[in-house]
Amino acid sequence: MGATLRHQTVDPDFRNALARFGANSVINCFNCGNCSAICSLSKGNTPFPRKLVRYAQLGLKEKLVQSPELWLCYSCGDCSVTCPRGAEPGETMAALRRYSIASFDPTGLTRRMYESPAVTLTVTLLLAGVLAFLLVSLGQAQPMHGWIFGLVPYEVVHKVGMGVFALLAIVSVAGSIGLVRNYRRSMDGDSPLRGLPLRARLRVLKQLGQEILTMNRHAQCNEDETPAPWYLTPRAIHYSVMAGFLGLFTASGLNFLFVYFLGWGWFPPARVLGTISGLLMLYGVSVSLYQRYRGKATCVTSSALSDWWLLAFLLVLAVTGFWIETAVSFGWAGPVNDTVLLIHTTMAMELVLLLMVTKLAHAVYRPLSLGLYFARQQRDIYEANGGNHD
Amino acid sequence: MPAKLTEAHRQALKLFREQHSDLDGTLKKYVADFRHERKQITEALRKGAGTVPELTRQTGLPVDQVLWHVTAMRKYGTVQEAGADGDYVKYEFIEQNGK
Amino acid sequence: MSEQKKSSNPKTESQKPRIGVYICRCGGNISDVVNTDALAGKVKQLGDVAACRVETFMCSDPGQATIVEDIQKQNLNRVVVASCSPFLHELTFRTVVQRGGLNPFLYEHVNIREQDSWAHKHDPVGATSKALRMINAAVGKLHHAEPLERIRMGNHRQTLVVGGGIAGLKTAAELAGKGVPVILVEQSSSLGGRVALLARTFPREDEGSVLAKKLIAQVTDHPLVRIFTRARIERVSGFIGNFDVKIAFEPKPDASASSDPQGAGHSANAAEVYASVGTIIVATGADPYKPARGEYGFGEQPAVVSLADFLRQLATLPNGNFIWNGKRVRNVGFLHCVGSRQVEGVNPPQADGKINDYCSRYCCTAILQQALTLKMRFPDVNVFDFYQDIRTYGGHEDYYTKSSAAGVVFLRYHAEEPPVVEPGENGSALKVRVKDYLTFGEEVEVPLDLLVLGVGLVAHDIPELIDLLKLPVGADRFLQEVHPKLRPVETAVNGVLLAGTAQAPMNIEETLSAAGAAAVKAAIPLSRDAVELDPFVAEVNAEKCNGCERCLTECAYTGALFKETVQVDGESAVKARVNPGLCFGCGACVAVCPTRAIDLKGWTLDQFDAMIDGLVEAVPVEG
Amino acid sequence: MSSGNGAAMRETENHFDVVVVGGGIAGLQSALDLADQDYRVLVVEKQPSIGGRMISLSKVFPTLDCASCITTPKMSAAAHHSNITLMTYTTVDAIEPAGDNHRLTLTQMARYVDTSACIGCRQCEYVCPVEYPDPFEQGMGALRAISVPFANAIPQYAVLNPEYCIGCGACVRACASDAIRLDQQPKTLTVEAGAVVLATGFHLNSTSLKPQYNASRSKDIVSPLQVERLLAPHGPYGRVLRPSDGKIPDSVAFVLCAGSRDQSIGVPYCSRVCCMYSIKQAMLLSGALPTADITIYYMDIRAFGKGFEQFYQNAKAMGISFVKGKVARITPQPNGDLMARVEAIEEDGRVMENRHDLVVLAQGIVPELVSPERLGAAKEEDGFIRRPDPLRPAWTGREGIFVAGTAAGPKDIVDSIMEAGSAAMEASHYLTQKRATADANAPSLELEVIGAASE
C-alpha cells in the first residue's frame, strides 16, 4: 500500500453525495473482496473495485480521486453480476468516475450536470442555442440557397474553432494536471517516471499506444460470458465508437487543413476516412444504445443519464454527418439540409466544448491513467531489478 | 441355495427385464465400457503393481476412471495397496481372490 | 466370590466360563495401530475364551448381531468387547448381551482406543501387546463376575425447576402440559427473567415482555405448577427419582411486593417447603457481561454504555431527533466482543483470573438488531460497527444485510489490536481509533457521540447450587453437559438437567428449544413407576464387618452408609449397612475397611486382584 | 403417564402415536425421546438405511468424536426399541387430517428384496457383475447393482438399483435365503398418527451453482461431504487422495460461503455449519497429511457455539492458515493444479492466485423437502419449514405437526438434537392434552409446606 494517511476521519455522509452520481449500493458491500478477485484487470498494486468501494463507504474522498484504478476499469460488469451482496461495485466505479470528473472541474458545472438531468438538459440546450445563434446569425449574410458550405463562412469557423480549442485545451490541461497531481499525491509526491531510464519511458509510450490501438485489456473482461461473435464483444463495440470518433475528428481536421486552409477543394483521403469512421461510429453507437436499451450485456445493467447523453449525441452526430455527406455528394441544397448542417456543426462544437465535463472526459483520463499505470509497472520492474532495467 | 432358477424366478426375471428394458441402450453401453475398462486395468495390474498415473499410461483410460476402478477393486478385495511412489499410492493385484 | 448362590440366568450357573471376546477395528481408529488380527490370534489362546472375533464397527448392527448369535449358538456366558471408551458404548453392549439372553453385567468393556491406539500411535507393537494385556485383565475379571440386577427404587413423579426465566417457564409449561407436576423456584421476586426486559427479540421481533407474560400465564394458573419466588434451594439429597429438596425463602422486604410487574403474588410463600422430586432442571440463566471500569471507557466516559442499558433506553425514546442524556446524537458506535473472545495478554483477566475466551453467540445479531432499529427510527444518525467477525448465523444474516443497507458502516478490528476509545474533540464526546482491516489495516478515527458496548454473556454465579447438586462446571464457568453431541442437556448427575443459558450463551429461540429438550429428558424417567439404577454400589459382608465405623467417617454421601445394631450369636454388634439408592459406588469405604468386609458390586476386590494378575501375567505377546 | 395410552394404540397395526418423517439424527432423537415415554412411534425414512447425513460424516466438531461411533448407537437403539417401528426406503407422499389424527400416505419403494427373508449376508452383492458410483461415498467408491447400502447401515438388507441391474439373475441364484424378488412393485399404504414430527433434513446445493468455480471442469473441486468420506476411517480410498488422479494432496483449500450468503445465487442466509465443519476437516486433514498446506478462505468465521471459538483458535495454532476473502474464481490448469483467485483483503488488497491441488467448496444447506405443504406444513421465504409461534419453536402451526432439525433451517448436530428433544416434548404435550378428558388417575403435586403461607 505504500504510506497511508494516518488518522483519517471517516465521513459516512459521503455516500449520500455519491448517490447523486448514481452509486446507490455502496453501503451493501460487506467487503468480501469478490469483486477485486473476479476482475481480470485488477492486478498487482492497483486492486479494484473493492478498494474504491471501501474508500467510498468510509468517505475517504481524497483517496478516491487519487486512485488511478478508477480509470483502469472498462465496466464489464462481472463484479456486479457475481457480487454476493448486490452491492453493484461496477456501478459504484462508474459513479466514482463521474464524481472524479466532477471533482477535477473547478467550475462545479460537471457536478451539477451529473446530479441533475434538468441542469444537463438546460446546459445542453442553452449552449446549443448560443452556438446555433452564432452560426446562423453570421451565416445569414450568405444567401440561404447557396452552396451549403457557404453557410458558415471561414472566419466564423475559424474564430469559433479557435475559441473552442482554446477552451478545450484549458479544461483538459486543468483536468489532466489534477489527475496527475492526485496520482503523485497517492505516491507521496513521487513521480511514477522519476528515475526511469529513457528505454523504460519509451516502453511506457509503446504500451500506451498499443493499448489505445488494440484495447487488449478490454478483451480480458467478461471471462465467464459465453463469447459473443467478435463484432458484438464489448471491446469491438467500444473500439468502433472510439475509432469512429477519432477517425471523424481526424477527417474533419484533414478536411479543414486541405480544403479550407490549403484550398484544395477536394481531399479524397479525408473523405474516405470520414466515411469509414462515420460507419464505425454509427455501428458502435447503435449497438451500444440497443444493448443498453435491452439491458443485454453484463456491462449495461444500468445506465446513467450521462451514458445516454453521450451516446445520443454521438448518434445524432453520425447520422447528420452522413446526411451532409450525401447532400454534398449529390449537390443537394435547401433549408432542410442547411438545418441538418446547423445541427451537426452545433453538436460537434458542443461535444468538443463539453469534452471534459461529460463522460467523454474518460477519453482523456483513461489514457492518462493507463500511462501512469504502465509507468508504475515499469518502475516496479525497474526497482525489482535493482535499478537495472531488464 | 437355489442355484437353479425356479419357474417363479424366471417369471420375475422376465417381468423385471420388461419393466426395465434398456430402450436407448444406455445401460448396455455403460456395462460394456465398465467391463472393458475393468479388464484393461486388471491386465495392467497383472503385469505388476502400479500407481494410478502409471496404470493410466498403460491403459490409455481417463485417469479418474482408473482411480475409480482401482478403488472399486480394492473395496471388493481384488486389489491392495503396495507402498507409495512419490505423491501416488501403488496398487497391486491379489491373484488368489480374483474372482 | 465365584460360587454363586443365586442367579437369574440359568445359563451362567454351574457352567465353566465360556468367554467371547470381540475386538473392534473402529473403522481404522484402532486397527491402524493395533494389529487386531494378530491380537485376536493371541486372545484365542487365553483361558476360557471360547470365541474371538474382529469387526470393523462392533457397535454397528451387524457387529451386535454377531455377539447375539455367538451367545446363543456357542453358549457363551460372558462377553468382552475391546473397543472405544466405555463412556460411549458400555451401555450399548450391555444391552446387546442382554438381548443375547445373558445377564447384562456379565460383560466387560475394554477401552483399546482412547487408552491404547490413540495414545500409542507410534508404537503399534507396544499398543498390540498392551491391548492383549488389557483384554487379559478383563477376562480375569470376568471369571469373578456374577449376575447383577439393577436397583429399582420408587419414583417421585414430579420435577423441580430452578429458575423462573423463559427456560424455566418453558420447561414448567411443557411438563405440566404433559401431566408432570412441577415446582418452580425463582430467586428474584418476579418471573420472566431477562427476556421480560427485552424490547424486541430476534429474529421474529416479538415483544420480550409479551412473550414472557404469555409463558408466565401458562404456568401461573396451572394446577400442576407451584411457583415460589424469592426462594432458593437450601438442601438437596438423594438421586434420580428420589431427590429430597428443601426450599427456603428470602424475607419479604416489606408489603410492597404487589408493585412487582410480573406478580410475585402468584406464589404463596411459606417459611420453608419440602418436596421429593424425580428430576431437577437447572435453568438459572446467565448475566450480561459487566465491563470493568475503564474498559473501552466504560464507567469513565458517560457516552459509553452497555448494550443491555442501550436497548432498554432506546425503547423509551420518542421519535424525532435522537437525544441521549439531553444531547443530540449524530454518531453512534457499536463495539462487538466486549467480554467475549478475549485474548490472553490483550484483555485483562476476570476476577477469577481467567479470560472469557468463548463467543457469546447472541451478541452479533443483538447488536445489529439494535443498530438497525436505530437507523430505522433515526435515519440521520450515523452508525459505526466495530467487529471481528460478524456472526449472524443462519437466517440472522438478514440483520447484517439489512443493517448494511440501512447504512451502518462496518470496521473490522483484530482481537490483538482492539479499538481505542478516547475523549472526543470538536464537539463529539468520543473518538474511537481503530486499525481497520477492511481498509488494509489503516488506522481510522471515528468521532462518536455514543458508544454501545456489545457485552457478552457470563454464567450466572450460583456457587451454592453447584455445590448442592454437584454440578460439573466448564472452563467457561457455564454448567457442563455430559456430552455436547450425544446428551446435550444431561449432566453427569443422573436426573439433573440443564435448560437454557445456564449451560452456554443462547438466544431466545435456542433457549426455548433447549428447555423443551430438557423437559423431555426430565419427563422420560418420570413416565415409569420406578427408576432403575446401576448396581455398582457397596455391599457389606456382615460376617466380616467388625463395626469399626471407619467407613462411616469416610463416606461422602449422606445416608449412603449407616450403622445398625444386629444380634450376632446372641450378642448385639454394630455393623455397617448400605442404602443402595444413595450410594454412589465411589469405593472410599472399601479402601478403608481393615477386614475386606466391603466390596463394590461389579468391582470387587477379587476382581481387582484378577485384573492386576491379568495385566502382569505372562501372556503370549511376542511375534 | 402413558403406558395405558400406548397400549390402546397398539391394537391397530397402522395406527401410531407419532410418525417421525426422516430417520436422520433429529428424527431418531425425537423418536427415541417419544418411545422412551412409551409412545408408539413409526419412523419413515426415504433412504434404504436410517442414520441420515450424520452416519456418513467422519468426525464431528468440536469434540472430534467419530461420527459413526456416536450415530450407530442411536440408530441401533431406535432399531431395537420395542416402541419404534422403522420403515426405510419409504416416502411420505401426503399428510392429511383424519378426525383429530393425521392420515399419512406412504410409498414403499421396491427394494427387490424380501426384507423378511434377507439376512444381510451380502452373497448377492459378491456375485453381482455391475458396479456404479456409490452415492454413500459421494460417487468416489463403487457399489454393486445389488448391495447392502453401507457397512453400518440399519437395517442390513440388500437393495437392488434397477438403473444398473442388467437382470442377469446371478443374485437370485446366489441368495441362500431366496430373498430376491425381482417382481417386487412399489407399495402404497396409509397409516394414522396422533402427531407427526417432520425431520426431513437438508441437502447441499450444487457445486456448479457458481460457474466461476468451474467445479464441472475438475474432479478436485469437491463437496464437503466428499471430504467427510475421504476422512472417514472406512472411506473410498482408505486415505486422503485427490479424486482426479489419486495424488496425495499437498495443498488443500477450503472456500467458505461457496453456496450461502450470496444473493447472486439466491441463498442469502448463512448455512451455520460450514465454518465449523471446514475447520474440523482442515484439522483432520492436517492430521492425515502432515506436510500439506491447508488454507481456509473465509468472510467471517462463525464459531458461535459452545466450545467452537476454542476449536477455531486451536486450528489457528495448528498452523492452518485463515485468509479473509471470498474466492472469486477457481481456474483448473492443464496439469491439474487449481488456481484460486482471492483478494488479500487484510494485506494490501492485491489479488492473489494461489495454487492448490484440492479445493473444497463449502456449499450451502438447502431443505430436502421441497413442498412441505404436502406434509401439512408451510414454508418460509428461504424454503425451510415455518414455525409461527415463538414460544413453541417445534410447532409448524398445524395442529399436531411438529418439526425438528435442519428441516426448519440449517443447524449443527447439537442444535438438531436439542430441537428433536423439544419437538418430542411438544408432541407429547400435545398428545396428552388431546386425551386429557376425565383421567381418573390425574397426577397431582405433592409437597410439604411448613409455616404460614403468605400471599
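A note on names: the letters A, B, ... follow the listed sequences, proteins ahead of strands, and every chain is numbered from 1.
Heavy atoms of D398(C) lying under 4.5 Å from chain D are absent altogether. With a threshold of 4.5 angstrom between heavy atoms, T439(C) does not approach chain D through any atom at all. Using a 4.5 Å cut-off between heavy atoms, A173(C) touches chain D through its backbone atoms (N, CA, C, O) alone. Contact annotation for R99(C): only side-chain heavy atoms (C-beta onward) come within less than 4.5 Å of a heavy atom of chain D. Using a 4.5 Å cut-off between heavy atoms, F384(D) does not touch chain C at all. Looking at E55(C), neither its backbone nor its side chain comes within 4.5 Å of chain D, counting heavy atoms on both sides. Contacts between C26(C) and chain D at a heavy-atom distance below 4.5 Å involve backbone atoms as well as side-chain atoms. In this structure, no portion of C84(C) lies under 4.5 Å from any heavy atom of chain D. For P268(D), the part lying near chain C is the backbone, with the side chain staying farther off; criterion is any non-hydrogen pair under 4.5 Å. Neither the backbone nor the side chain of E380(D) comes within less than 4.5 Å of any heavy atom of chain C. Contacts between M58(C) and chain D at a heavy-atom distance below 4.5 Å are absent for every atom of the residue. Contact of A424(D) with chain C is made through backbone and side chain together, with heavy-atom distances under 4.5 Å. Contact of K411(D) with chain C is not made at all, since no heavy-atom distance falls under 4.5 Å. In this structure, chain C has a heavy atom under 4.5 Å from the side chain of E343(D), while its backbone stays farther away. Neither the backbone nor the side chain of R487(C) comes within contact range of chain D; no heavy atom of the residue lies under 4.5 Å from a heavy atom of that chain. At a 4.5 Å heavy-atom cutoff, V277(C) makes no contact with chain D through either its backbone or its side chain. Both the backbone and the side chain of D33(D) come within contact range of chain C, with heavy atoms under 4.5 Å apart. Residue Q64(C) touches chain D through its side chain alone, counting heavy-atom pairs closer than 4.5 Å. Looking at Q158(C), only its side chain comes within 4.5 Å of chain D, counting heavy atoms on both sides. Proximity to chain D (any heavy atom under 4.5 Å) is shown, for Y362(C), by neither the backbone nor the side chain.
No donor-acceptor distance shorter than 3.5 angstrom exists from the side chain of D300(D) to the backbone of D389(C), with no hydrogens or angles considered. The backbone N or O of C69(D) lies less than 3.5 Å from a partner atom in the side chain of H89(C), making a donor-acceptor pair. Between the side chain of K306(D) and the backbone N or O of Q503(C), at least one donor-acceptor pair lies under 3.5 Å.
Rounding to the nearest 0.5 angstrom, the gap separating the OG atom in S60(C) from the CZ atom in F150(D) is 10.5 Å. Note that CD of Q310(D) and CG of D476(C) are 10.0 Å apart. Values are rounded to the nearest 0.5 Å. To the nearest 0.5 Å, the span separating OH on Y312(D) from CG on D357(C) amounts to 13.5 Å. One distance of note links NE2 of H483(C) with CD1 of I417(D); it measures 9.0 Å at 0.5 Å rounding. Remark: E448(D) CD to I247(C) CD1 distance equals 11.5 Å, nearest 0.5 Å. Put simply, CD1 on I345(D) and OH on Y437(C) are 13.5 Å apart, with the number rounded to the nearest 0.5 Å.
Side-chain atoms of Q37(D) and L526(C), non-hydrogen and from C-beta on, never get closer than 4.5 Å to each other. Using a 4.5 Å heavy-atom cutoff, the side chains of R392(D) and L512(C) are not in contact. Looking at heavy atoms from C-beta onward, F228(C) lies in side-chain contact with L447(D) at the 4.5 angstrom threshold. No side-chain heavy atom of C359(C) sits less than 4.5 Å from a side-chain heavy atom of F308(D). In this structure the side chain of E346(D) never reaches within 4.5 angstrom of the side chain of L438(C), judged on heavy atoms. Annotation: side chain of N29(C) is in contact with side chain of C66(D) (closest heavy-atom distance under 4.5 Å). With contacts defined as side-chain heavy-atom distances shorter than 4.5 Å, the pair K170(C)/M425(D) does not qualify.
Between D348(D) and F440(C) the shortest heavy-atom distance is C-CD2, 3.5 Å. When every heavy atom of Y269(D) is checked against every heavy atom of E397(C), the shortest pair comes out as CA-CB, 4.2 Å. The heavy-atom pair separating P181(C) from S444(D) by the smallest distance is CG-O, 3.5 Å. The minimum heavy-atom distance between C59(C) and T72(D), with the atom names listed, is SG-OG1, 3.2 Å. For R272(D) against G394(C), the heavy-atom pair with the smallest separation is CG-N, 3.2 Å. Contact record, D61(C) with A153(D): CB-O, 4.5 Å, taken as the closest heavy-atom pair.
Taking chain D as the reference chain and counting heavy-atom pairs below 4.5 Å, the highest number among D436(C), L224(C), T92(C), D32(C) is found for L224(C). Of the listed residues (I390(C), D529(C), V245(C), T95(C)), the greatest number of heavy-atom pairs within a distance under 4.5 Å of chain D belongs to I390(C). Options G395(C), A515(C), S513(C) differ in how many heavy-atom pairs under 4.5 Å they form with chain D, and the most are formed by S513(C). Ranking S276(C), S360(C), A517(C) against chain D, the residue ahead of the rest is A517(C), based on heavy-atom pairs under 4.5 Å.
Side chains of K178(C) and Q433(D): no donor on one and acceptor on the other come within 3.5 Å. Counting only N and O atoms by type, the side chains of R261(D) and T401(C) include no donor and acceptor under 3.5 Å apart.
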### Message
Working note: K74(D) + L486(C), criterion side chain to side chain contact (heavy atoms under 4.5 Å, CB included); need CA distance, chi angles, decisive distance, verdict.
### Response
CA-CA 9 Å; K74(D) 295 250 186 214; L486(C) 279 174; 3.6 Å; yes
### Query
Please walk me through it: do R391(C) and C270(D) pass side chain to side chain contact (heavy atoms under 4.5 Å, CB included)?
CA-CA 9 Å; R391(C) 293 182 168 172; C270(D) 153; over 6 Å; no
### Task
Decide side chain to side chain contact (heavy atoms under 4.5 Å, CB included) for E510(C) and M418(D); before the verdict, give the C-alpha distance in whole Å, the side-chain angles of both, and the deciding distance to 0.1 Å.
CA-CA 8 Å; E510(C) 292 153 357; M418(D) 290 267 204; over 6 Å; no
### Message
Between T392(C) and R302(D), does the side chain to side chain contact (heavy atoms under 4.5 Å, CB included) criterion hold? Intermediate values first, please.
### Response
CA-CA 8 Å; T392(C) 45; R302(D) 296 194 160 165; 3.0 Å; yes
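Exactly one residue among I166(C), D206(C), L211(C) makes a side chain to side chain contact (heavy atoms under 4.5 Å, CB included) with L391(D). That residue is L211(C).
Under a 4.0 Å N-O distance rule, the pair R226(C)/E446(D) does not qualify as a salt bridge. Of the charged side-chain nitrogens involved, none lies within less than 4.0 Å of a carboxylate oxygen, so that R361(C) and E309(D) do not count as a salt-bridged pair.
No more than 12 heavy atoms of other residues, nucleotides or ligands lie within 6.0 Å of NZ in K402(C), so this atom counts as exposed by the packing criterion.
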